[in-house]
Amino acid sequence: VQLVESGGGLVQAGGSLRLSCATSGFTFDDYAIGWFRQVPGKEREAISSIEIWSSKTYYQDSVKGRFTISSDNAKNTVYLEMNSLKPEDTAVYYCAADPEFLSLVGIGDLKYVNHWGQGIQVTVSS
């Protein structure tokens, strides 16, 4: 199983980035994919998730209206479009995969999440 994030980098406040999570090694349609972020000294937090077969989505309140999650089932890839970025969005972003959507919406112990990517840095300058 592989999850590979791409698309991170440095952007000015108010700008946009699109993160990609390319997956392989499991049946994409049977899973939910989530995006998490973590800053030093803080716990990893769920920011957005999508249940692939139903397209059901979750957004953390702090990103609602600014971030959009989507999937390309033909490419087994999930995207996170991030607009109106703020300095407080600066973090390492991780994608994760789990058969259970509720595992990726900020409840439960993250140690039970099936698969993680390696993480990618997003830095928003003020």
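Predicted model only: the values in this text are computed from it and were never measured. These numbers come from the heavy atoms of this one structure, side chains and all, not from hydrogens, waters or symmetry mates.
Atom-to-atom distance recorded for S24:OG and K75:NZ is 15.5 Å, nearest 0.5 angstrom.
Listed for the E5 side chain is no donor-acceptor partner under 3.5 Å among the backbone atoms of C21. A donor-acceptor pair is defined here as one N or O able to donate and one able to accept, closer than 3.5 Å; such a pair exists between the side chain of S54 and the backbone of K56.
Looking at every heavy atom in both residues, Y59 comes nearest to K64 through O-CE, 3.3 Å. Residues P87 and A13 come closest through the heavy atom pair CD-CB, 4.1 Å. Here the closest heavy-atom approach between residue G7 and residue I120 is recorded as N-CD1, 3.6 Å. Here the shortest heavy-atom pairing between N114 and A97 reads CB-O, 3.3 Å. Closest of all the heavy-atom pairs between A46 and Y58 is O-OH, 3.8 Å. Of all the heavy atoms in W35 and L19, the pair that sits closest is CH2-CB, 3.6 Å.
Using a 4.5 Å heavy-atom cutoff, the side chains of L10 and S125 are in contact. For the pair D30/F28, no side-chain contact is recorded, criterion being any heavy-atom separation below 4.5 Å from C-beta on. Using a 4.5 Å cut-off on side-chain heavy atoms (C-beta onward), S103 and Y112 make no contact. Contact annotation: the side chain of F36 never approaches that of I47 to less than 4.5 Å [non-hydrogen atoms, C-beta and beyond]. T90 has its side chain out of reach of V39: every pair of non-hydrogen atoms, C-beta onward, lies at least 4.5 Å apart. Taking the side chain as every heavy atom from C-beta outward, V122 and V124 approach each other to under 4.5 Å. Side-chain atoms of I33 and I52, non-hydrogen and from C-beta on, do get closer than 4.5 Å to each other. Contact of the L104 side chain with the I50 side chain is not registered, since no non-hydrogen atoms from C-beta on lie closer than 4.5 Å.
E45 and Q60 share a donor-acceptor pair across their side chains, judged by distance under 3.5 Å alone. With no hydrogens or angles considered, a side-chain donor-acceptor pair links Q121 and T123 at under 3.5 Å.
No path of Ile, Leu, Val, Met, Phe, Trp and Tyr side chains, each step under 4.5 Å between heavy atoms, connects W116 with Y79, placing them in separate hydrophobic clusters. In the hydrophobic clustering of this structure, I107 groups with F101; members are Ile, Leu, Val, Met, Phe, Trp, Tyr whose side-chain heavy atoms approach within less than 4.5 Å, directly or through other members. Following chains of ILVMFWY side-chain contacts shorter than 4.5 Å, one can reach L17 starting from I69, so the two form part of one hydrophobic cluster.
With respect to the salt-bridge test (charged N to carboxylate O, under 4.0 angstrom), the residues K86 and D89 do not qualify.
Other residues, nucleotides and ligands place no more than 12 heavy atoms under 6.0 Å from the CD atom of Q2.
Note on ring orientation: taking the six-membered ring where Trp is involved, the planes of H115 and F26 are parallel (angle under 30°, cut-offs 30° and 60°).
Here the options are T27, D29, T23, the test is side-chain contact (heavy atoms from CB on, under 4.5 Å), and the partner is N76; only T23 passes.
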Full working for side-chain hydrogen bond (donor to acceptor under 3.5 Å, both in side chains) between Y93 and R37 = CA-CA 4 Å; Y93 284 69; R37 66 187 180 190; 3.0 Å; yes
Evaluate the criterion side-chain contact (heavy atoms from CB on, under 4.5 Å) for residue pair F67 and E81; output intermediate values, then yes/no.
-> CA-CA 5 Å; F67 291 11; E81 185 75 35; over 6 Å; no
Kindly determine whether L80 and T68 satisfy side-chain contact (heavy atoms from CB on, under 4.5 Å), including the steps that lead there.
-> CA-CA 6 Å; L80 187 67; T68 303; over 6 Å; no
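Under the 6.0 Å cut-off for aromatic ring centres, Y31 and W53 do not qualify, their centroids lying 6.0 Å or more apart.
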